[in-house]
Amino acid sequence: MYEDNNDVVNFIMNRRSHRKYLNKNISDDIIENIINCGRNAPFGGKPKPDCQVTEYIIINNKETKERLSLNYEDRQFIKDAPIIIAILANKDNDPKYEEYILSSALSIENMIIAAESFGIGSCVLSCFINYQKHIKDKEISREILKLPDNIELIALLTLGYKDDNEELPAKELRSYKEVVRFNKYDN
Ligand SMILES: Cc1cc2nc3c(=O)[nH]c(=O)nc-3n(C[C@H](O)[C@H](O)[C@H](O)COP(=O)(O)O)c2cc1C
């Protein structure tokens, strides 16, 4: 457990992906609060509505969750997540920069940290944006969510109160020195 005087640092440093959840409802207010934190992340372009690419679908329907698990072994847990948020990018609002993946990723991380602050665990799942091998699964996911052509499916984010009985895999990070350089790559 990392401890700092700064709550935000603590939430970030102690966050893990959670795949087991209590059978406890997340209030609509909290969901709205989490999504509003996502909406307030940086996005490519001017700070105006027509540059805001990221959109969201709140999934609380059992059948939709089951279908989105796509029968993947490592996705079965999403069936039991109280809420799944599908993170979408409206490409019409990003005509110039094509940086919608970065904008949506920042929105996702804001939501993850906001969820942590409410004691809610989360796990982000990619949706095969550039993954030709899984193109069919991407199409199936798009069909389940009835997405029009201008809407890209970026990721799914599960949300649920943490089950303390969940055993988390040990986490090992590359060392600071290995990943951080000064001014250029080769020093
Ligand atoms: C792009 C991306 C795709 C991911 N896809 C999955 C996934 O399909 N299934 C899953 O259980 N976790 C998925 N995760 C969560 C990672 O497994 C997890 O974040 C990583 O192992 C680091 O562990 P931590 O989040 O507990 O720190 C994904 C995370 C990212 C960023």
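Residue numbers count from 1 along this sequence. Just so it is clear, the structure is predicted and the values come from calculations on it, not from any experiment. Every number for a ligand or one of its atoms is a count from 1 in the order of the listing.
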Quiz item: Can a donor-acceptor pair be found between the side chains of Asp92 and Asn150 at a distance below 3.5 Å?
Solution: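 Checked: Asp92/Asn150 side chains pair up, N/O donor to acceptor below 3.5 Å.
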Self-check item: Thr158 versus Ser122, side-chain donor and acceptor atoms under 3.5 Å
Solution: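 Checked: Ser122/Thr158 side chains show no N/O donor-acceptor pair below 3.5 Å.
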Quiz item: Closest non-hydrogen protein atom to atom 9 (N) of ligand 1, residue and atom name please, with distance?
Solution: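 The protein heavy atom lying closest is Leu125 CD2, 3.7 Å.
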Quiz item: At what distance is the nearest protein heavy atom to atom 1 (C) of ligand 1, and which residue and atom is it?
Solution: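 Among all protein heavy atoms, the one nearest atom 1 (C) of ligand 1 is Ser126 CB, 4.0 Å.
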Numbering as shown, the atoms of ligand 1 that approach [X] to under 4.0 Å (heavy-atom distance):
X: Ser17; value: 15 (C), 18 (C), 19 (O), 24 (P), 25 (O), 26 (O)
X: Arg15; value: 24 (P), 25 (O), 27 (O)
X: Val124; value: 4 (C), 5 (N), 6 (C), 12 (N), 13 (C), 14 (N), 15 (C), 28 (C), 29 (C), 30 (C), 31 (C)
X: Lys171; value: 24 (P), 27 (O)
X: Phe77; value: 11 (O)

Quiz item: Which one of Glu73, His18, Arg19, Arg75 has a non-hydrogen atom at the shortest distance from atom 15 (C) of ligand 1?
Solution: Arg19
Exercise. Under the salt bridge (charged side-chain N to carboxylate O under 4.0 Å, His left out) rule, what do Glu66 and Lys79 come out as? Steps first, then yes or no, please.
Key: CA-CA 5 Å; Glu66 279 175 7; Lys79 294 177 178 174; 5.8 Å; no
Practice problem: Would you check, one step at a time, whether the test salt bridge (charged side-chain N to carboxylate O under 4.0 Å, His left out) holds for Glu116 with Lys162? | Solution: CA-CA 10 Å; Glu116 279 291 312; Lys162 297 172 192 174; 3.1 Å; yes
Quiz prompt | Proximity to ligand 1 by part of Pro169, non-hydrogen separation under 4.0 Å | solution =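 Neither part.
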Exercise. Report the residue from Ile154, Thr54, Leu147 that forms a side-chain contact (heavy atoms from CB on, under 4.5 Å) with Leu88.
Key: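 The single option meeting the side-chain contact (heavy atoms from CB on, under 4.5 Å) with Leu88 is Leu147.
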Self-check item: atom 21 (O) of ligand 1: any protein heavy atom closer than 4.0 Å
Solution: no
Quiz prompt | Heavy atom of protein closer than 4.0 angstrom to atom 6 (C) of ligand 1 | solution = yes
Practice problem: Go through Asp137 and Arg142 one step at a time and tell me if the salt bridge (charged side-chain N to carboxylate O under 4.0 Å, His left out) criterion holds. | Solution: CA-CA 8 Å; Asp137 292 326; Arg142 293 183 59 83; over 6 Å; no
Exercise. Identify the two heavy atoms, one from Phe43 and one from Ser103, that lie closest to each other, and give their separation to 0.1 Å.
Key: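 Closest approach of Phe43 to Ser103, heavy atoms only: CA-OG, 3.5 Å.
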Quiz item: Is the shortest distance from a Lys or Arg side-chain nitrogen in Lys184 or Asp186 to a carboxylate oxygen in the other one below 4.0 Å?
Solution: yes
